[in-house]
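In what follows, a single structure is set out as structure tokens and then discussed.
The structure displayed is predicted, hence computed values, not measured ones.
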Amino acid sequence: MKTKAPPVRRQFANAWDEINYLRDKVLFWLYQREKPEKALPFAKRLQQLLGRADAKQEAILGQECRSLAFETVGNLAKAIEHRQKEIDLIRRLQEISHGTPSEHYALKGYEPSDLSDRLDLLAVLYRDHGELEKAIATLRESRTLCEEHGIEFDGADLLSDYLIELRAMG
């Protein structure tokens, strides 16, 4: 059963509220319905908003959204670049938050399982961009992260498929 699209909204508390809304729309059309043409207007609006709200490209959410927007328009090289920046920012946040009184709050949504998910998404981008070996290395990195933190590795099927694909290439 397919889920319904996020409800239409016309009013937002601020730019980041609208960015979150647009991200949800892009995710729905790009991944759930696999209709990038429907995601395109939301991706374009995302890029406009991010140019103002995150001009210095310092926000994790900004990098995630840039990656999604570039993926939507088919620019996988830029999607990879921004997904990698998102991952780097998450790692930096984990590093500076570790052991602080606010660690739990700072890392909400950016815990090891979330980082593993981002690595899995990066791997898919690499594979779709024709960089199968990088995709496999990224999935192995995700698997190691999961093992280190005692969490389930969601990319196991992808890794298996990509290894089979690599062997078939000979």
>> Which label fits His82 and Phe70: parallel for a plane angle under 30°, tilted from 30 to 60°, or perpendicular past 60°?
In response: parallel
> Using 4.0 Å as the upper bound for N to carboxylate O, is an ion pair formed by Glu86 and Arg66?
Replying inline: no
> Given side chains that start at C-beta, do those of His104 and Leu107 come closer than 4.5 Å, heavy atoms only?
Replying inline: no
>> Less than 4.5 Å apart, side chain to side chain, heavy atoms only: is that true for Leu46 and Lys25?
In response: no
> Do Leu40 and Ile19 share a hydrophobic cluster, counting only Ile, Leu, Val, Met, Phe, Trp and Tyr and linking them when any side-chain heavy atoms are less than 4.5 Å apart?
Replying inline: no
> With distance as the sole test, does Thr144 use its side chain to make a donor-acceptor pair with the main-chain N or O of Arg140 at under 3.5 Å?
Replying inline: yes
> Would you call Leu139 and Asp120 a side-chain contact if the rule is heavy atoms closer than 4.5 Å?
Replying inline: yes
> Does the side chain of Val124 reach to within under 4.5 Å of the side chain of Tyr162, using non-hydrogen atoms?
Replying inline: yes
> Hey, are the side chains of Lys134 and His129 touching, using non-hydrogen atoms and a 4.5 Å cut-off?
Replying inline: no
>> Looking at Ser97, is its backbone amide N or carbonyl O close enough to the side chain of Thr100 to form a donor-acceptor pair, meaning the two atoms are under 3.5 Å apart?
In response: yes
> Going by heavy atoms in the side chains, are Leu115 and Glu111 under 4.5 Å from each other?
Replying inline: no
>> Tell me whether the count of non-hydrogen atoms from other residues, nucleotides or ligands lying under 6.0 Å of CD in Glu133 goes above 12.
In response: no
> Looking only at atom types and distance, does a side-chain atom of Arg33 sit under 3.5 Å from a main-chain N or O of Thr3, one as donor and one as acceptor?
Replying inline: yes
>> Let's go through Glu81 and Lys85 carefully: what are the C-alpha distance in whole Å and the side-chain angles of both, what is the deciding distance for salt bridge (charged side-chain N to carboxylate O under 4.0 Å, His left out) to 0.1 Å, and is it a yes or a no?
In response: CA-CA 6 Å; Glu81 175 187 327; Lys85 286 180 182 179; 3.3 Å; yes
> What distance separates Cys65 SG from Glu71 CD, expressed to the nearest 0.5 Å?
Replying inline: 12.5 Å
>> Are more than 12 heavy atoms, taken from residues, nucleotides or ligands other than Asp157, located less than 6.0 Å from that residue's CG atom?
In response: no
> If you round to the nearest 0.5 Å, how far is CG of Leu119 from CD1 of Ile87?
Replying inline: 4.5 Å
>> Can you see whether Trp29 has Lys35 sitting over its ring - NZ or CZ less than 6.0 Å from the centre and within 45° of the normal?
In response: no
> Is there a side-chain contact (heavy atoms from CB on, under 4.5 Å) between Gln32 and Leu27 once you walk through the steps?
Replying inline: CA-CA 7 Å; Gln32 288 184 339; Leu27 287 169; over 6 Å; no
>> Within the structure provided, determine whether Ser113 and Glu152 are in side-chain contact (heavy-atom separation under 4.5 Å).
In response: no
> Does the salt bridge (charged side-chain N to carboxylate O under 4.0 Å, His left out) test come out yes or no for Glu165 and Arg127, once each step is laid out?
Replying inline: CA-CA 10 Å; Glu165 188 175 333; Arg127 188 248 176 219; 3.1 Å; yes
> Should Arg118 and Tyr110 count as side-chain neighbours, where that means a heavy-atom distance under 4.5 Å?
Replying inline: yes
>> With side-chain hydrogen bond (donor to acceptor under 3.5 Å, both in side chains) as the criterion, how do Gln84 and Asp88 come out once you've worked through the C-alpha distance, each side chain's angles and the decisive distance to 0.1 Å?
In response: CA-CA 6 Å; Gln84 185 61 59; Asp88 293 344; 3.0 Å; yes
